[in-house]
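What follows is one structure encoded as structure tokens, with my remarks underneath.
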Amino acid sequence: GRISEIRTQLARTETFRGLRALTVGFSGVFGIAAAALQASRIPVPTERIEDYLTLWVGVALLNLLMVGLELSLRRQSDSPLKRRLTVQAIQQFSPTLMAGAVVTAIVAARSPEIAWALPGLWAILFSLGIFACSRLLPRAVAWVGVHYLASGAICLAQGSGAWSLSPWLMIGTFGAGQLLAA
């Protein structure tokens, strides 16, 4: 029992380095490609909310799958301490993903007229997930959280009207944010 307690305490003081820059960078490039696809295939996303959500939820799921695959492959080969850090990071970030899914589902089903706010809400929720994991992550990652928080605020402030569901907001928020994280 004491050894387990010591390992848990040690895991709290270690830095989680479970994600490779290549995987995170790829998710940023994938987000930029999705924004280009949106610009060409969904020119007026406010009139095609379902297509918009299908695209961006699909991008999020694909990125989540890619990260999950990397974490599961690394988990098999790492030390018990690194496995424990991986589990802690997942536990701390998961509520953010669940909250984003719930908000998206409610807006899509009940209030599609406020879908313009989703990119900002997604970014702010993502920043909260980063901040929740910040004690496990390298210190510089806090700036990524700041980027997502500021970008989310900009999306909410500028995201209605002419900028409503703009692919440029997604590039500046998620494409740039993931490249910054990489």
Side-chain angles (χ1 to χ4, degrees), residues 16-71 89-90 92-101 103-105 107-108 114-134 137-182:
F16 175 69
R17 298 185 192 282
L19 293 176
R20 299 281 184 223
L22 183 62
T23 303
V24 176
F26 178 76
S27 69
V29 170
F30 191 57
I32 292 168
L37 181 65
Q38 176 194 330
S40 69
R41 303 284 178 150
I42 313 170
V44 186
T46 54
E47 295 174 5
R48 296 173 53 194
I49 297 297
E50 287 180 13
D51 293 340
Y52 176 85
L53 290 177
T54 298
L55 173 67
W56 288 107
V57 169
V59 167
L61 290 174
L62 186 61
N63 283 331
L64 189 59
L65 178 68
M66 187 174 52
V67 166
L69 196 76
E70 178 180 350
L71 289 177
I90 291 168
Q92 289 178 347
F93 199 81
S94 292
T96 292
L97 298 175
M98 288 184 265
V103 167
T104 302
V107 168
I114 64 165
W116 65 268
L118 283 173
L121 294 173
W122 290 333
I124 290 171
L125 287 170
F126 203 77
S127 77
L128 290 174
I130 292 169
F131 292 136
C133 293
S134 65
L137 300 171
R139 287 185 184 247
V141 174
W143 290 108
V144 177
V146 169
H147 164 81
Y148 276 108
L149 183 59
S151 294
I154 291 168
C155 286
L156 288 174
Q158 301 297 320
S160 63
W163 284 92
S164 189
L165 303 176
S166 168
W168 295 107
L169 289 177
M170 295 300 277
I171 287 173
T173 301
F174 291 97
Q178 291 303 93
L179 292 176
L180 178 64

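For reference, positions follow the sequence shown, starting with 1. Just so it is clear, the structure is predicted and the values come from calculations on it, not from any experiment.
Rounding to the nearest 0.5 Å places CD1 of I154 at 10.0 Å from CG of L149. Here F174 contributes atom CZ and W56 contributes atom CH2; the two are 8.5 Å apart, rounded to the nearest 0.5 Å. Atom CD1 of I114 and atom CG of L121 lie 7.5 Å apart (nearest 0.5 Å). To the nearest 0.5 Å, the span separating CD on Q92 from CZ on F131 amounts to 14.0 Å. Atom CG of residue L165 and atom SG of residue C155 lie 10.0 Å apart, to the nearest 0.5 angstrom. Atom OH in Y52 sits 12.0 Å away from atom OG1 in T54 (nearest 0.5 Å).
Using a 4.5 Å heavy-atom threshold, the side chains of L118 and L53 count as touching. Between W116 and W163, the closest side-chain pair of non-hydrogen atoms is not below 4.5 Å.
A donor and an acceptor atom, one from each side chain of Q178 and Y148, are located under 3.5 Å apart.
A34 and V59 make their closest contact through CB-CG2, 3.4 Å (heavy atoms, listed as atom of the first residue, atom of the second, distance). The two atoms that bring G120 and L156 nearest to each other are CA-CG, 4.0 Å, heavy atoms only. Residues S127 and G145 approach most closely at CB-O, 3.3 Å, considering heavy atoms. A pairwise comparison of heavy atoms in G172 and S151 identifies O-OG, 4.1 Å as the closest pair. The minimum heavy-atom distance linking A181 with V24 is given by the pair CB-CG1, 3.6 Å. For A115 against V107, the heavy-atom pair with the smallest separation is CA-CG1, 3.7 Å.
Side chain of T173 to backbone of M170: no donor-acceptor contact under 3.5 angstrom is found. Side chain of R48 to backbone of R41: a donor-acceptor contact under 3.5 angstrom is found.
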(Q) Evaluate T23 against N63 for side-chain contact (heavy atoms from CB on, under 4.5 Å), listing each step before the verdict. (A) CA-CA 9 Å; T23 303; N63 283 331; over 6 Å; no
